[in-house]
Colleague: 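This is the structure I want to talk about, given as structure tokens.
Note: hydrogens, waters and symmetry copies are ignored here, and every other heavy atom, side chains too, is used. Naming: A, B, ... by sequence-line order, numbering from 1 per chain.
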There are 2 protein chains.
Amino acid sequence: MWTLSTSTGAGYHHGDLRAALLDSALALLNTEGPGELSLRAVARHAGVSANAPYRHYRDKEALLAALATRGFTELGERLAAVGPGDGPDAELIAMARTAVDYALDHPGVYRLMFGQACSTHPDAIAASDAAIAIVAERIAAIAEAERREPLRIGLWALVHGLSTLLLDERLGTPTRAEADALVETVVRTLLGAGPGLSAPGRWGAP
Amino acid sequence: MWTLSTSTGAGYHHGDLRAALLDSALALLNTEGPGELSLRAVARHAGVSANAPYRHYRDKEALLAALATRGFTELGERLAAVGPGDGPDAELIAMARTAVDYALDHPGVYRLMFGQACSTHPDAIAASDAAIAIVAERIAAIAEAERREPLRIGLWALVHGLSTLLLDERLGTPTRAEADALVETVVRTLLGAGPGLSAPGRWGAP
DNA sequence: GCATCGATGTGTACGATGTCCACATTGAAG
DNA sequence: CTTCAATGTGGACATCGTACACATCGATGC
């Protein structure tokens, strides 16, 4: 009758409930949507009582926000790891694909990250801004000054929109490769160059 | 002690509860987010008991889906009313602005429309497809064949992303005019033409 | 070694919610 | 005027988020 906890927890005191709760929430999020996730279920999954989470998070929203924050951080790391590609367009496309892939890999957390509850939480906003900043840097090295801001906002919006549509299966149920190809085609088209065509006059900054 | 209903309801039988519930839900949605909206609160606002809604909607999700469906229909009407502008880019931009304006006008319903719960409901999906079809028609009249599909998906994603970012105040708190200008700039930039620059070679289909 | 104390987890409790069931009320059809 | 199907009510139940008081434990001082 000891803990049936998923995470390594011993006896009365768990060890690292704070992190274990995040893991439990993550596991449950990939099963059901963020709206259906109950704090009590997270506690059960972690093998603790319904009230234990309150020692580590002020309320349910705080736990979810922490998870979203972790999500933004991880997304940022993935984006930072994207190497320069074959020309600026390729680099932007690679980053877009990376972000969409992240959404497809973590549907629950992704929806959480862009849900209303977490958009309000300062930590999540900060982590989100950090992720955007990475994209902004790359763009700054590529685009002319007056195009940077709209490009940053536009790509962010585009990627988020594509992720949402794909997660909701509003674009069919493509395989990962098909989804990636779709992202590439869409981004390339919107960047002004048709598929297979290069976009003259927009290659490289100073 | 008769009905304190907001809508025109008489005595025991309400008259048109089905529609009144939608109106009540709409009113409450503009106060609080879709996640916080309770079916009981909708019933209270309509001046009926907590169970009355179940005579008209199978469950809470069905009511919300009906509201989302109405939203997509109205959005479609607004999009259909957008006149041809000064060239194809201007027309696409006008439609993008129309859609974003709709989101800013109805934050609650908009979040509902793109929430997970309603993306699953067939009625909402149909209404959403109808709205997209309107955009697709316009695009078909403007763009070359192989650009149509990516353009349609890309614009839809872009507009949805921009709406989300604006609703979550992730792009500051612009006035309506500023938001419209932002949308114009972003869309124009992503369509390949810098602000004020025309995009040679992409004007007009046959 | 042992008492102590702050941190952490448990149990109980309360109000709110979604939804089920049985019953009440009604306008319209016979 | 009776009857009936549609519609609304009331009560009940499980679940949820969360507050309160209490239990348990590991480190700290002696």
Colleague: What integer distance in Å separates Asp16(B):CG from dA6(D):C1'?
Modeller: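 Answer to the nearest Å: 14 Å.
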
Colleague: Roughly how many Å is it from CG in Leu37(B) to C1' in dT17(C), rounded to a whole number?
Modeller: 12 Å

Colleague: Provide, to the nearest angstrom, the distance between the CG atom belonging to Leu21(B) and the P atom belonging to dT7(D).
Modeller: 12 Å

Colleague: Is there a donor and acceptor pair, one atom on the side chain of Asn51(B) and one on the base of dG11(D), closer than 3.5 Å?
Modeller: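 Such a pair is found, so the answer is yes.
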
Colleague: For DNA chain D, determine which residues of residues 53-61 of chain B have any heavy atom closer than 4.0 angstrom to one of its atoms, and list them numerically.
Modeller: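 Listed by number, they are Arg55(B), His56(B).
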
Colleague: Determine yes or no for a side-chain-to-main-chain donor-acceptor pair under 3.5 angstrom, with Glu32(A) supplying the side chain and Leu29(A) the backbone.
Modeller: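 Not confirmed, Glu32(A) side chain does not pair with Leu29(A) backbone.
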
Colleague: Using atom types as modelled and distance alone, determine if a side-chain donor or acceptor of Thr120(A) lies under 3.5 Å from a backbone N or O of Gln116(A).
Modeller: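 Yes, because the side chain of Thr120(A) sits within donor-acceptor range (under 3.5 Å) of the backbone of Gln116(A).
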
Colleague: Less than 4.0 angstrom between a side-chain N/O of Arg40(B) and OP1 or OP2 of dG10(D), yes or no?
Modeller: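 No, outside the criterion.
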
Colleague: Whole Å only: how far is the CG atom of Leu39(B) from the P atom of dC16(D)?
Modeller: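 Going from CG in Leu39(B) over to P in dC16(D) covers 18 Å.
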
Colleague: Using the test side chain to side chain donor-acceptor pair (under 3.5 Å), find all partners of Arg138(B) that sit at least two apart in sequence or belong to another chain.
Modeller: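 Arg138(B) satisfies side chain to side chain donor-acceptor pair (under 3.5 Å) with Glu91(B) only.
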
Colleague: Going by the angle between their ring planes, with limits at 30° and 60°, are Phe72(B) and Phe114(B) parallel, tilted or perpendicular?
Modeller: perpendicular

Colleague: Hey, does the side chain of Ser128(A) reach the backbone of Ala124(A) with a donor-acceptor pair shorter than 3.5 angstrom?
Modeller: no

Colleague: Examine dC16(D): is either OP1 or OP2 under 4.0 Å from a nitrogen or oxygen in the side chain of Ser38(A)? Give yes or no.
Modeller: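 Yes, such a contact exists.
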
Colleague: Can you tell me the distance, in whole Å, between the CD atom of Glu36(A) and the C1' atom of dT17(C)?
Modeller: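 For the pair Glu36(A) CD and dT17(C) C1', the rounded distance is 14 Å.
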
Colleague: Using atom CG of Leu17(A) as one end and atom P of dC25(D) as the other, report the distance to the nearest whole Å.
Modeller: 15 Å

Colleague: Less than 3.5 Å apart, which donor and acceptor atoms pair up between the side chains of residues 33-42 of chain A and the rest of the protein, not counting sequence neighbours?
Modeller:
from	atom 1	to	atom 2	distance (Å)
Ser38(A)	OG	Ala41(A)	N	2.9

